[in-house]
Amino acid sequence: MEDRYTKIQELARPYLDTRKNDIHTKTSTRFAYQLMDLEGGVEDVVIPAILLHDVGWKKVPEDLQLKAFGPNVSLPEWNRVHEVEGARIAGEILGKVGYDPEKAEEIVHIIDGHDSRKEPFSLNDKIVKDADKLWRYSKEAVQLNWERFQLSFEEGIERLLKNIESWFLTDSAKRLAREAIEKQLQERDEGKIEAE
């Protein structure tokens, strides 16, 4: 990762030690690069946005986090708090590293709506939204979500399959999501995943 992204990542690290966001951000960043290869997008907007998109969860009390997202959401207003706070924190971090102000403005705008804004305002926004959601299809997320949401492997996979069309904006993300599910089903059949 380039030095400028490394500085952003270092400044973001203290905000990512909740909700497994350190792992989520790493996985989402990998998906962002894959999507840019397939769909386009401006790297120096997409990558800082994905590195910083969930820093605002640090401002949501941990006992409320599981009520703010996922299949059993009961306090959706806290999800919005993480976007608003995340945009503010991201702006501060980008300012500290002397990021290009025009690009910083777009990054902050992406973060301040990466979950709640349904219609993307740019290709970069679309890529960040899809990379963020593709995390849910990773092996790490599926296993984590068994615990978080008390879902069996089969229930978790069914939830993911049923939401592909509604969650993703690009055909590439839909394809990557289906491939990830196929891989997990194969690993389960081979005994590499213990499905509860």
State, to 0.1 Å, how close [X] and [Y] come at their nearest heavy-atom pair, and which atoms those are.
{"X": "Arg148", "Y": "Arg19", "answer": "NH2-O, 2.5 Å"}
{"X": "Lys67", "Y": "Val73", "answer": "O-CG2, 3.2 Å"}
{"X": "Phe69", "Y": "Phe149", "answer": "CE1-CZ, 3.6 Å"}
{"X": "Glu106", "Y": "Val45", "answer": "CD-CG1, 3.7 Å"}
{"X": "Pro120", "Y": "Leu169", "answer": "CG-CD1, 3.8 Å"}
{"X": "Arg4", "Y": "Tyr99", "answer": "NH1-OH, 4.3 Å"}

Run His53 and His82 through ring pair (Phe, Tyr, Trp, His ring centres under 6.0 Å) and show every step you take.
CA-CA 9 Å; His53 77 283; His82 105 273; 7.7 Å; no
Output the distance between atom [atom1] ([X]) and atom [atom2] ([Y]), rounded to the nearest 0.5 Å.
{"X": "Ser28", "Y": "Lys129", "atom1": "OG", "atom2": "NZ", "answer": "13.5 Å"}
{"X": "Asp44", "Y": "Lys103", "atom1": "CG", "atom2": "NZ", "answer": "3.5 Å"}
{"X": "Ile110", "Y": "Glu83", "atom1": "CD1", "atom2": "CD", "answer": "12.5 Å"}
{"X": "Ser152", "Y": "Arg159", "atom1": "OG", "atom2": "CZ", "answer": "12.5 Å"}
{"X": "Asp22", "Y": "Asp54", "atom1": "CG", "atom2": "CG", "answer": "11.5 Å"}
{"X": "Asn79", "Y": "Gln65", "atom1": "CG", "atom2": "CD", "answer": "10.5 Å"}

Within one Ile-Leu-Val-Met-Phe-Trp-Tyr cluster: [X] and [Y], side-chain cutoff 4.5 Å:
{"X": "Val42", "Y": "Tyr33", "answer": "yes"}
{"X": "Ile164", "Y": "Leu160", "answer": "yes"}
{"X": "Leu66", "Y": "Leu144", "answer": "no"}
{"X": "Trp135", "Y": "Leu161", "answer": "no"}
{"X": "Ile50", "Y": "Ile23", "answer": "no"}

Any side-chain to backbone donor/acceptor pair from Glu39 onto Ile127? Under 3.5 Å, distance only.
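Side chain of Glu39 to backbone of Ile127, a donor-acceptor pair under 3.5 Å: no, none is there.
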Under a 3.5 Å distance rule, please check whether Lys20 uses its side chain to pair with a backbone N or O of Asp17 as donor and acceptor.
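Not a single qualifying donor-acceptor pair exists.
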Is a side-chain donor-acceptor pair under 3.5 Å present for Asp125 with His109?
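No, Asp125 and His109 have no side-chain donor paired with an acceptor closer than 3.5 Å.
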Distance only, no hydrogens: is a donor on one side chain within 3.5 Å (strictly under) of an acceptor on the other, for Gln186 and Glu190?
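Yes - a donor-acceptor pair under 3.5 Å links their side chains.
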For the pair Ile89 and Tyr15, evaluate side-chain contact (heavy atoms from CB on, under 4.5 Å) and give the outcome as yes or no after the intermediate values.
CA-CA 9 Å; Ile89 294 165; Tyr15 297 99; 3.7 Å; yes
Using the rule side chain to side chain donor-acceptor pair (under 3.5 Å), only one of Arg88, Arg80, Arg117 pairs with Asp112; which is it?
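For Asp112, the side chain to side chain donor-acceptor pair (under 3.5 Å) test succeeds with only one of Arg88, Arg80, Arg117, which is Arg80.
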Can you name the one residue among Leu51, Leu52, Ile93 that meets side-chain contact (heavy atoms from CB on, under 4.5 Å) with Gln9?
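Testing Gln9 for a side-chain contact (heavy atoms from CB on, under 4.5 Å) against Leu51, Leu52, Ile93 leaves exactly one candidate, Leu51.
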Using the side-chain contact (heavy atoms from CB on, under 4.5 Å) rule, take Glu140 and His24 through it: C-alpha gap first, then chi angles, then the decisive distance, then the call.
CA-CA 9 Å; Glu140 301 90 348; His24 165 59; over 6 Å; no
Go through Phe168 and Leu134 one step at a time and tell me if the side-chain contact (heavy atoms from CB on, under 4.5 Å) criterion holds.
CA-CA 8 Å; Phe168 294 107; Leu134 274 168; 3.7 Å; yes
Side chains of Glu85 and Val55: does their closest heavy-atom pair fall under 4.5 Å?
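No - every pair of side-chain heavy atoms lies 4.5 Å or more apart.
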Walk me through whether Leu176 and Leu38 qualify under side-chain contact (heavy atoms from CB on, under 4.5 Å).
CA-CA 11 Å; Leu176 290 171; Leu38 297 165; 4.2 Å; yes
So does [X] have more than 12 non-hydrogen atoms from other groups sitting under 6.0 Å from [atom1]?
{"X": "Glu92", "atom1": "CD", "value": "yes"}
{"X": "Asp171", "atom1": "CG", "value": "no"}
{"X": "Glu102", "atom1": "CD", "value": "no"}

Decide salt bridge (charged side-chain N to carboxylate O under 4.0 Å, His left out) for Arg178 and Glu165; before the verdict, give the C-alpha distance in whole Å, the side-chain angles of both, and the deciding distance to 0.1 Å.
CA-CA 11 Å; Arg178 287 187 181 95; Glu165 290 300 320; 2.8 Å; yes
For Arg175, is there an ion pair with Glu179 - N to carboxylate O distance below 4.0 angstrom?
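Result for this pair is yes, salt bridge flagged.
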Do the ring planes of Trp167 and Tyr137 sit parallel (below 30°), tilted (30 to 60°) or perpendicular (above 60°)?
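Answer is perpendicular, since the angle exceeds 60°.
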